[in-house]
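As a basis for the values below, the full set of heavy atoms in this structure was taken, side chains included, without hydrogen atoms, waters or symmetry mates. Only a predicted model underlies this, so the values are computations on that prediction, with no experimental measurement involved.
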Amino acid sequence: MPEVLTLMSFGRPPSINVGFKTSPPDRGSFPLDHDGECKDQMMQYMDCLRKNSSTSTPCRVMSKQYLDCRMTKGLMERDEWKNLGLANVEGDSASVLAQQSLSKNHKG
């Protein structure tokens, strides 16, 4: 029985090894937006998903806006749109917001 006690690590969780090393996050992992720098874009995207039964196709422009904001603010590494599956989505944030504003004014 004393052999078992020597294998146990007292005072720390057994899952933590002495030689534990950190590694960079996998592709697709990025820091949380603690300061809410891209909250508006994220909320627009989430609202679009809710309105479209979680179907992302109609929300691709908002997805691009959100990722553009994250890359611009340094919350994720800048990548090419083709690598993110958004190369064929038209418009940058400024042109899309202007288009949304026009459609709201046109309806009212």
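Looking only at side-chain heavy atoms (C-beta outward), Q41 and M62 stay at 4.5 Å or farther from each other. Contact annotation: the side chain of D68 approaches that of R78 to within less than 4.5 Å [non-hydrogen atoms, C-beta and beyond]. Side-chain contact between T72 and E37: absent, with no pair of heavy atoms (C-beta onward) separated by less than 4.5 Å.
A distance-only check finds no donor-acceptor pair linking the side chain of N52 to the backbone of P58 [under 3.5 Å]. Not one N or O on the side chain of K73 forms a donor-acceptor pair closer than 3.5 Å with the backbone of C38. Under a 3.5 Å cut-off, the side chain of R70 and the backbone N or O of M76 do not form any donor-acceptor pair.
Closest of all the heavy-atom pairs between W81 and L67 is CZ3-CB, 4.0 Å. Residues R60 and V89 share a closest heavy-atom pair of NH2-CG2, 3.4 Å. When all heavy atoms of K39 and D33 are compared, the pair lying nearest together is N-OD2, 3.8 Å. Annotation for Q44 and Q65: closest pair OE1-OE1, 3.6 Å, computed over non-hydrogen atoms.
Here NE2 of H34 is found 9.5 Å from CG of L75. Values are rounded to the nearest 0.5 Å. Taking OH from Y45 and SG from C59, the interatomic distance works out to 6.5 Å, rounded to the nearest 0.5 Å.
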Practice task
Decide yes or no on side-chain contact (heavy atoms from CB on, under 4.5 Å) for D40 and M43, but give the supporting numbers first.
Solution key: CA-CA 5 Å; D40 291 342; M43 295 303 291; 5.7 Å; no

